[in-house]
Amino acid sequence: MLKTSSFIQISLPPCLFFHFYSGLSVRPLTDSDFPYFLPILRFIIGLIHPLSHSFPFLPASITSRSPPYNMEQQTNLYFTLPLLLLLHSLCWSQRSNPDDERSSCDRCDLRLSCNCSYDGFTRVPVVTDRALTLDLSFNNITMVTVDDLTGHRQLRALSLHGNRLAVIHLSAFDSLWSLEELDLSDNQLTALNHKWFSKLGALQKLNLLNNPYSCLGSPPVFQGLARLRTLAFGGPALEELKIGDLSGVTQLEELTVHANNLTRYESGALADIWPLGRVTLSLHNPFLTNVPLASDVLSDVSYPETPLILEDLHLIGKETVQPLYASARRRVRYITLRNVFVSDEAIVNFLVVFNGVPLTCFSVDSVTLTGEGRWTPANWTYHKSFDEFFIRNIVVLDVFHFVSFLNLGFLLQYPRKVSLINGKAYVMPCQTSGLLKNLQYLDLSDNLLTDMTLKETLCGGHSPLTDLRVLNISGNALKSLSMVRWLVVKLSKLTHLDLSRNGYSSMPLSCSWPHTLRYLNISRAKLTAITPCLPTTLEVLDLSNNDLKNFYLVLPALRELYLSGNKFLSLPSGELFPNLQTLKIQSNTLNMFNRSDLQLYRRLQNLQAGQNKFVCSCDFVPFLQSVIKGHGDVYLTDEEESYVCDSPLYLQGEPVGQVRLSVVECHRVLFVSVSCGVALFVAILVCILLWRLHAFWYLKMTWAWLKAKRSSRRHRGRGDSEALLSFDAFVSYSERDASWVENFLVPELEEPRETDEDLVNHRRPRPLTLCLHKRDFLPGQWIVDNIMSAMERSRRTVFVLSENFVQSDWCRYELDFSHFWLFDGHAGRDAAILILLEPLSKDDIPKRFYKLRKLMGSTTYLEWPQEEERTGEFWRSLRNALRGEEDDD
């Protein structure tokens with residue numbers, strides 16, 4: 001913001017200077033530079049002219065429009081250049097501000113169409129480079145830089161409509177090789193540059209409307225756009241069109257030119273475009289003030305088969321209609337006037353201009369009639385070629401003085417198609433209907449017709465419109481369906497009848513219709529039920545947006561049925577429509593449908609059933625996903641995104657095509673069966689594994705050990721453990737070895753005989769007390785308690801080991817339960833005495849008895865001798881071991 005001494009404030013956009021100096025190199029200025037530099041400098045000084053007195057270094061010849069500079073002024077310019085460079089640096093720092101990061105936009109659908117409009121962006125946002133369509137309209141974007149659209153090589157359509165776009169880098173669009181549609185309308189582009197479009201060889205549609213450029217510029221902007229088919233340019237600021245401005249544009253399907261303020265036009269500027277599909281021209285001021293210019297424009301774009309649309313005209317008198325002679329001479333056949341004010345005199349002159357011209361279609365859209373309809377002065381003109389009159393959005397300023405159409409028979413007797421849409425007409429008299437002798441198409445939609453005025457229009461059921469084939473009376477105030485069918489029943493050629501957007505709330509039980517009726521539209525009414533009133537000859541029936549819940553009527557000829565916006569819970573039975581090919585039943589309350597429902601429609605090809613309340617069950621989801629992928633005879637022609645789950649709750653809002661249901665939900669019985677089978681199999685494997693790893697034995701031993709420990713502590717708490725000892729040894733043996741124990745071990749230890757050694761030493765052997773399970777276990781007591789009690793009450797434990805011992809369940813059971821007791825650290829290493837009745841290695845001992853195996857490997861054990869003479873030594877060693885004495889031998 002610069003401020004003068006008189007407090008006048010002038011806002012200068014810093015980036016303005018950047019565009020002037022971004023291409024200059026930094027070097028001393030020479031005499032040859034000044035003729036090019038001076039106009040730019042004058043422009044800048046002109047912007048700050050009110051400040052010139054505050055800058056004494058500015059040459060007066062520059063701040064004023066004076067003759068060329070001298071050398072002294074050249075020297076002063078060296079003081080001006082630093083100021084401009086300073087402004088340039090300010091601009092650059094503003095552009096490279098790191099805080100001004102580009103925003104991102106991720107509002108892209110499955111078709112890669114990104115809608116980023118109305119988001120308040122000030123710069124082009126970051127969007128996925130896979131986008132095919134990008135809509136940036138109605139934001140606040142002011143410039144497009146060279147990097148903003150880099151990488152968007154797949155982009156097909158780009159819209160920057162309705163921004164504040166003033167600057168586009170020359171290479172901003174260079175990477176958009178695939179771009180087909182570009183909309184730059186309604187921005188602030190003051191000049192067009194051909195380099196913007198130099199790399200857009202695939203461009204087909206270009207919209208440059210309503211930008212403040214006064215001319216198209218040079219060199220030709222559209223040079224190289226060989227594929228361009230739709231072009232729109234111009235606006236309130238367009239003043240000039242010259243020959244060559246549209247060089248490169250050879251043929252167009254649609255041309256739109258807004259030139260309401262055009263003042264200079266070179267004849268032939270638009271003449272080279274051929275073929276030309278449709279032309280839309282806005283020539284408000286030229287029609288009023290420059291008839292030759294308007295005539296030249298019309299002459300260049302008027303062709304017999306090219307529809308001509310003229311907008312924003314005030315046709316008041318004879319002069320304002322004169323440019324149309326140029327089109328009449330070119331024998332145009334299709335003319336549309338849009339947004340026009342027309343007087344009676346202008347209409348008469350229009351009819352005179354086109355007298356004898358083969359004009360077949362005359363359309364007026366958004367017209368204001370300033371006269372009273374007195375057009376009879378043109379009744380001498382010849383317009384037999386008139387085939388279609390189209391009038392929409394008509395306003396009659398003096399409606400109460402407007403004359404009857406009865407005087408317009410010279411016009412009404414020719415057309416076959418007449419449309420009067422939104423004309424606030426409440427009646428067309430029967431006599432006027434009689435003038436429409438050739439009428440085959442009548443559109444009176446969006447008017448004020450009632451049942452009674454319609455009766456007058458159709459002459460009480462005796463209408464002279466015997467050739468009428470299409471009747472559209474939608475959007476009126478009709479309420480009686482019985483009245484309508486009675487009025488049209490005698491129209492023997494009627495094939496299409498549109499009764500939509502009326503107030504029908506019920507349908508008669510039976511009706512008579514023209515047997516030729518094929519198309520019937522009763523949509524957007526208030527029907528709650530269907531009756532046999534509908535004709536069976538129908539091929540197309542539209543009942544959308546009513547309150548219908550079911551449909552049971554057989555229509556054998558029906559090919560298309562529209563039921564969207566009702567309350568259907570299921571598809572109507574396909575058996576009712578054997579020839580149906582298209583069914584639209586969107587926005588109802590459908591829960592689901594399946595393959596069997598569609599199979600009843602023998603010829604159905606297109607189905608639209610989106611926007612319903614689908615229950616995403618295990619049957620419906622896979623079926624619909626297969627249909628979406630095109631598997632089957634029926635094709636879903638609406639958007640995949642419209643098929644959304646409504647329940648269950650956790651899937652609500654999810655597109656059906658993306659739902660993945662688990663096996664638990666869809667196959668519960670199978671899942672439970674398989675789960676139980678797998679669980680049983682795993683349990684068996686675990687049990688086998690535990691058995692192999694002796695886990696059960698460890699658990700059992702742990703329990704026995706804990707119990708033994710508790711019992712031991714209890715006994716130790718009562719007194720000395722020695723007082724509890726009742727036996728010298730607890731004998732663990734196999735039942736198969738019982739004979740050896742009973743016949744040899746017990747007698748030898750409990751009833752010892754005196755040996756010669758005892759006699760010599762005068763020592764009598766002391767009997768030992770043994771604990772045997774057969775005689776000493778308490779009957780009825782748990783075997784674990786007996787074993788633990790016997791071990792606690794015995795000083796030693798004697799294991800009579802043999803193959804029988806290892807294989808005996810009882811022995812192993814005793815050995816298992818004694819294992820923890822013997823080797824838990826409380827009993828001594830000599831608490832166990834091993835007797836081997838037969839050769840037995842430690843490998844024959846079960847691996848789970850690792851301490852016993854270790855003991856056999858580290859401790860001396862007794863072996864029952866095979867020779868009889870060594871038995872005495874065996875018994876002596878055993879007695880000494882049990883008594884705790886060492887064998888001296």
Among residues at least two apart in sequence or on other chains, which ones pass side chain to side chain contact (heavy atoms under 4.5 Å, CB included) with [X]?
X	value
Asn545	Arg524
Ser302	Leu298, Leu308, Ser327, Arg330, Val332
Asp300	Tyr265, Ser267, Leu270, Ala271

For residues 375-412, which residue pairs qualify under disulfide (SG to SG under 2.5 Å), counting only residues two or more places apart or in two chains? none

Selection residues 316-328 - residue pairs positive for salt bridge (Lys or Arg N to Asp or Glu O under 4.0 Å), sequence neighbours left out: none

Using distance only, find each side-chain donor-acceptor pair of residues 421-433 under 3.5 Å and give its atom names and separation, not counting sequence neighbours.
| unit_1 | atom_1 | unit_2 | atom_2 | d |
| --- | --- | --- | --- | --- |
| Asn422 | ND2 | Asn393 | OD1 | 2.7 |
| Ser433 | OG | Pro429 | O | 3.4 |
| Ser433 | OG | Thr457 | O | 2.9 |

Once side chain to side chain donor-acceptor pair (under 3.5 Å) is applied, do any residues pair with [X], and if so which ones, sequence neighbours excluded?
X	result
Thr370	none
Thr381	His383
Thr289	none
Thr230	none

So, using ring-ring contact (aromatic ring centres under 6.0 Å, His included) as the criterion, who are the partners of Tyr118 when residues are at least two apart? Phe138

So does Arg107 have more than 12 non-hydrogen atoms from other groups sitting under 6.0 Å from CZ? yes

What pairs meet the side-chain hydrogen bond (donor to acceptor under 3.5 Å, both in side chains) rule with one or both residues in residues 247-263, with sequence neighbours excluded? Gln223-Ser247, Glu254-Arg278, Asn261-Asn285

Using the side-chain hydrogen bond (donor to acceptor under 3.5 Å, both in side chains) rule, take Arg469 and Thr495 through it: C-alpha gap first, then chi angles, then the decisive distance, then the call. CA-CA 5 Å; Arg469 289 168 170 76; Thr495 59; over 6 Å; no

